[in-house]
Colleague: 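Provided herewith is a single structure, encoded as structure tokens, for subsequent inquiry.
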There are 2 protein chains.
Amino acid sequence: MPKVSPVLLDEQLCFSIYSASKKFNHFYQSALAPFGLTYPQYIAMLVLWEDAPLTVHQLGDRLELDSGTLTPLLKRLEKQGWVTRVRSRTDERQVLIHLTEMATAKRDEVYQRIGQCQTLLGMTNKEIDSMMTELVTVKEQLDNVSAQRLITKKVDDLA
Amino acid sequence: MPKVSPVLLDEQLCFSIYSASKKFNHFYQSALAPFGLTYPQYIAMLVLWEDAPLTVHQLGDRLELDSGTLTPLLKRLEKQGWVTRVRSRTDERQVLIHLTEMATAKRDEVYQRIGQCQTLLGMTNKEIDSMMTELVTVKEQLDNVSAQRLITKKVDDLA
DNA sequence: GGCAATTTAATTGTATACAATACTCTGGAA
DNA sequence: TTCCAGAGTATTGTATACAATTAAATTGCC
């Protein structure tokens with residue numbers, strides 16, 4: 001076996017991102033506590049506030065989540081009064097997610113709360129943009145490699 | 001109500017990071033398929049390869065996970081033959097996580113596999129370092145704000 | 001028009017996460 | 001020595017994620 005470099009946790013970009021993601025999750029969960037929304041519920045609401053009504057599939061495209069995650073999440077949002085789930089009449093396969101009056105009424109309150117909490121992070125728009133640009137590159141690479149199921153093949157070629 | 005800026009999903013750094021984290025998870029899950037390790041199991045093994053044996057608490061400090069997550073994860077690693085969980089004799093509260101012979105034997109294979117897969121991402125060390133540096137800043141801000149439970153107070157001050 | 005392939009959601013099963021609680025053990029104070 | 005506060009782990013309950021399967025509806029194709 002040839003000499004192999006150790007893989008150290010603290011040098012792994014994946015762990016930095018994984019850790020940051022959990023911290024963001026916690027941050028928004030706290031920020032949104034007055035509204036009782038979890039982070040995934042919140043991003044679902046963001047999309048719906050932009051574009052309701054949407055089918056489960058359309059919402060999933062935006063959030064990169066499938067029905068296995070969204071169906072129970074949306075049922076919880078429905079139970080809490082944020083959305084309604086209605087079978088489409090023109091295509092009975094689809095379920096349309098509509099905003100309730102409460103959701104529409106609370107939209108600006110949430111926007112405002114989020115805006116305020118984000119100022120606490122003390123990042124400039126420029127810093128945020130720069131970071132998101134880099135993340136897009138990383139994500140494209142990950143998509144190129146893994147979404148096309150090339151990992152096994154390519155790595156086996158390397159071996 | 002004063003005019004409020006909309007919050008658009010595609011402009012949210014949190015979502016970029018959340019999405020990247022999921023893609024990394026999937027990437028490593030595929031890369032590690034030959035070993036049957038999930039991403040969280042893999043990072044646990046990374047720490048143990050650096051420093052076994054460790055208590056559940058010490059491992060949790062490194063991974064930023066608590067016993068509620070680690071206990072079942074470690075039981076699964078034990079069932080699959082990667083680790084053993086042994087009550088400490090000097091302090092019966094502690095459980096020491098040891099590597100099995102198989103885990104020690106497979107370490108370099110995993111290191112190599114990961115090294116190969118990472119080359120597929122086509123990122124230079126410089127790019128990775130730069131990104132991790134920025135992420136450290138973000139995470140520090142998130143820790144400052146949310147770990148100290150100041151969100152509610154500060155935002156209410158703003159209101 | 002009839003039927004196979006496809007699309008869309010929901011369901012099932014497994015694996016994280018994490019708050020809150022329970023339980024056991026340890027070390028120190030009275 | 002006894003008791004108790006705190007530490008360390010496990011458990012419980014809720015909420016994601018996602019692969020794989022199921023079920024129902026629709027579309028294409030003949």
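Only heavy atoms go into these numbers, but all of them, side chains included; no hydrogens, no water, no symmetry mates. Just so you know, these numbers come straight off a predicted model, no measurement behind them. Each chain gets a letter, A, B and so on, in the order its sequence line appears, and its residues count up from 1.
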Colleague: Measure from the side-chain heavy atoms of A/K22 and tell me the nearest of D/dT16, C/dA9, C/dC18.
Modeller: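 Out of D/dT16, C/dA9, C/dC18, the nucleotide with an atom closest to A/K22's side chain is C/dC18.
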Colleague: Answer with base, sugar-phosphate or nothing: what part of the nucleic acid does B/E64 contact at a heavy-atom distance below 4.0 Å?
Modeller: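 Answer is sugar-phosphate: B/E64 comes under 4.0 Å of backbone atoms only.
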Colleague: Out of C/dT7, D/dC18, D/dA19, which has the shortest distance to the side chain of A/R93?
Modeller: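 The nucleotide sitting nearest to the side chain is C/dT7.
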Colleague: Measure from the side chain of A/S67, starting at C-beta and using heavy atoms only, and say which of D/dA10, C/dT11, D/dC18 lies closest.
Modeller: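 Taking heavy atoms from C-beta onward, the closest nucleotide is C/dT11.
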Colleague: Taking the minimum atom-to-atom distance to the side chain of B/Y18, which one of C/dA17, C/dA15, D/dA17 wins?
Modeller: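 Closest nucleotide to the B/Y18 side chain: D/dA17.
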Colleague: Choose from D/dT26, D/dA10, D/dT16 the nucleotide whose nearest atom is closest to any side-chain atom of A/L73.
Modeller: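 Closest of the options to the side chain of A/L73: D/dT16.
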Colleague: Of the listed nucleotides (C/dC18, D/dT11, C/dT8), which one gets closest to any side-chain atom of B/K75?
Modeller: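 Of the options given, the side chain of B/K75 lies nearest D/dT11.
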Colleague: What is the nucleic acid contact for B/L65, judged by heavy atoms within less than 4.0 Å: base, sugar-phosphate only, or nothing?
Modeller: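 Answer is sugar-phosphate: B/L65 comes under 4.0 Å of backbone atoms only.
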Colleague: With the side chain of B/Q41 defined as its heavy atoms from C-beta on, choose the nearest nucleotide among D/dA10, C/dA10, C/dT16.
Modeller: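 Among the listed nucleotides, the one closest to the side chain of B/Q41 is C/dT16.
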Colleague: How far does CZ of B/R107 sit from CH2 of B/W82, to the nearest 0.5 angstrom?
Modeller: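 Output value for this atom pair is 12.5 Å.
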Colleague: What nucleotide among C/dT16, D/dG8, C/dA10 has an atom nearest to a side-chain atom of B/H57?
Modeller: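 Nearest to the side-chain atoms of B/H57, counting from C-beta on, is D/dG8.
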Colleague: Scan A/T90 against the nucleic acid and name what it touches under 4.0 Å (heavy atoms): base, sugar-phosphate only, or nothing.
Modeller: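 Sugar-phosphate, backbone atoms only, no base.
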Colleague: Where the side chain of A/V56 is concerned, which of C/dA17, C/dA19, C/dA9 is the nearest nucleotide?
Modeller: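 Selected nucleotide: C/dA9.
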Colleague: Would you mind telling me which of C/dA9, D/dT26, C/dC18 lies closest to the side-chain atoms of A/E92?
Modeller: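 The answer is D/dT26, which lies nearest to the side chain.
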